[in-house]
Amino acid sequence: MSLHNPHIDWQTFTDGLWKENPVFVMLLGMCPVLAVTNSAINALAMGLATTFVLLASGLLVSLLRHQIPKQVRIATYILIIATFVTIVDYLIQAISLELYNALGAFIQLIVVNCMILGRAEAYASKHRVAKSLLNALGMGLGFTFALLCLGVVREVLGAGSLFGVDLFGSQFEPWVVMVLPPGGFIVLGGWLLLFEWLRERRAAAQLEKEAARAR
Amino acid sequence: MTNKAQIEIRTSPHAHSGADVVQIMRTVALALLPLAGWGVWRYGLSAALLLLTTLLGCLLAERLFNRMRGQPSSLGDWSAVITGLLLGLSLPPGFPLWMGLVAAFAAIGLGKALFGGLGMNPLNPALVGRAFVQAAFPAAITTWTPALFDGRFTNPVPSTLAWPFLRPDDIGPWLHERAVDGFTGATPLALMKYEGQSIPLTDLLMGGGAGSIGEAALLILVCGLFLAFKRMLDWRIPVSIMASTALFAWLAQLFDPSAPGPLIMLCSGGLMLGAWFMATDMVGSPMTPLGVLIYGVLIGFVTEVIRLFGGLGEGVMYAILLGNAAAPLIDQWTQPRVFGAAKARTSASARKSA
């Protein structure tokens, strides 16, 4: 694997993780982000399911990008995405019924996750297969990372456990609000705040360094 | 630079009463001290520790968020002191201290720093903090302890000293040991709502029964009136809240004679504290005279609705938060006509003349 292969663009992969993170930067797909992050395991499962759909639909859209007529492209993308969502739906049901029940309707709702449609429209339909796959993988892992960020905080504070493992013993007082919808908004806001603050600090440091060099 | 204009240009107001933000805040904080003292006398060490925790927590949070935002310290404007005191006064005396600290950080962080500090906060910070812990720890915030129990200055309520993140011990055995007769752990309003018991009015006025640290209607009235006479709060707000609460309580009693009457509604729960000290927050309340009245009536009405029909026994907190949220809208509706300007036309008449 060569880093200089023109078909493989690592930038597009890392952008999805951090610089163009679908949740923390683009604020896309807020519905699953807020709804299923009440525990770390739910967040991880939703993130991986979404990553799979992203990868598979990215592959197919990229392969068929010259065949899909411009006029019906959105409908075609949705159809492709829906196919893979159905597969994921049955897969999760087969692997863990408990998880399936915990995630509820939000698995089927991956179809309308605007991030996936956005990737198909903005990237996969304009790039080669390898690039599209890398982009989808970056975005999917970035999405999973963001969901985990929320899920970990909400599970630790709201249930005193992490991935179902008790952290504080039986005397723990759960912060009820954290597993309720308002907790999702509060924690998302907190992470956004933290990342924006870090970004600003880094930009300020960069500016200072450049100013020093100019001097 | 020699012919630089000597005229100083300023925006209104030009005539100033002399009281600046710091002075007002300091006076309000002073007016809260008798309440805090009374609460400590009634509930003892637990109340003192909790008040101290929320106070220091608010100051600490204020400083921390100042630093994060790269601002000079705003501890000197006394607003964090008020938030800390009000928050402490609105909590039950046996509230675990670590939860008090969480409430203080939520109050300053979510309620104030997030919106840009003093003068920018749309909601009363103390109430934001209280609402947060009400949602996070619903059991602890509805665990009430009796007032004036023996040995209150030497031994705190056991739930006060719960370890951080851990559930406070059940105070049942402790209550039993104290042999507090007839104490059910329910507030006067809850007693009336769920068990049909009534409470002597003198208890409510002095804050005798179970309740938050600062629930002593008469003392609040005195401190509030002091501030109103010093023109540090808008008397229209508490008066309209109290009047509308009384009116709606009277109406409710017409339909259902078992509903609590106006006097009980006025003196119980956090109504007095909320009406005089929280709803009057200068940032969160409307500015126009008519708007203030609408705001007060809205708070009174929502309080009544929650108390009579809601799942909770008390409703002042959510009523005031709702009122705060509606304040900018009320201000927009009740803009006074600019002196000399034509009377604002309704859209219908404008269309007719067009």
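Chain naming here is simple, since letters A, B, ... match the order of the sequence lines and numbering starts at 1 in each.
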Which residue in the set A:L28, A:I80, A:L54 passes side-chain contact (heavy atoms from CB on, under 4.5 Å) when paired with A:I116? A:L54
In terms of heavy-atom pairs under 4.5 Å with chain A, which of B:A135, B:A162, B:A140, B:P138 leads? B:A135
Using non-hydrogen atoms and a 4.5 Å limit, figure out which bit of B:V102 sits close to chain A: side chain, backbone, both or neither. side chain
So, taking the atom named CZ in A:F172 and the one named CG in B:L166, what distance separates them when rounded to the nearest 0.5 Å? 8.0 Å
Test side chain to side chain contact (heavy atoms under 4.5 Å, CB included) on A:N21 and A:M26; report intermediate values, then the result. CA-CA 6 Å; A:N21 187 293; A:M26 298 199 286; over 6 Å; no
When you compare the side chains of A:D15 and A:Q11, does any donor N or O come within less than 3.5 Å of an acceptor on the partner? yes
Output for pair (A:N113 CG, A:M30 CE), nearest 0.5 Å, gives 9.0 Å
So which part of A:P174 gets closer than 4.5 Å to some heavy atom of chain B, the side chain, the backbone, both or neither? both
Under 4.5 Å between any side-chain heavy atoms of A:N135 and A:H127, yes or no? no
Chain A and chain B: which donor-acceptor pairs fall below 3.5 Å?
residue : atom : partner : partner atom : Å
A:Q171  : O    : B:R167  : N            : 2.6
A:F172  : O    : B:R167  : NH2          : 3.0
A:E173  : N    : B:F165  : O            : 3.0
A:V176  : N    : B:A136  : O            : 2.8
A:V177  : N    : B:A135  : O            : 3.3
A:W197  : NE1  : B:M68   : O            : 3.2

Any chance you could lay out the side chain to side chain contact (heavy atoms under 4.5 Å, CB included) test for A:L55 and A:L137, step after step, and finish with the verdict? CA-CA 6 Å; A:L55 272 172; A:L137 190 65; 3.8 Å; yes
Hey, is CZ on A:F163 packed in by over 12 heavy atoms from elsewhere, all under 6.0 Å? yes
In terms of heavy-atom proximity below 4.5 Å to chain A, should B:M99 be classed as side chain, backbone, both, or neither? side chain
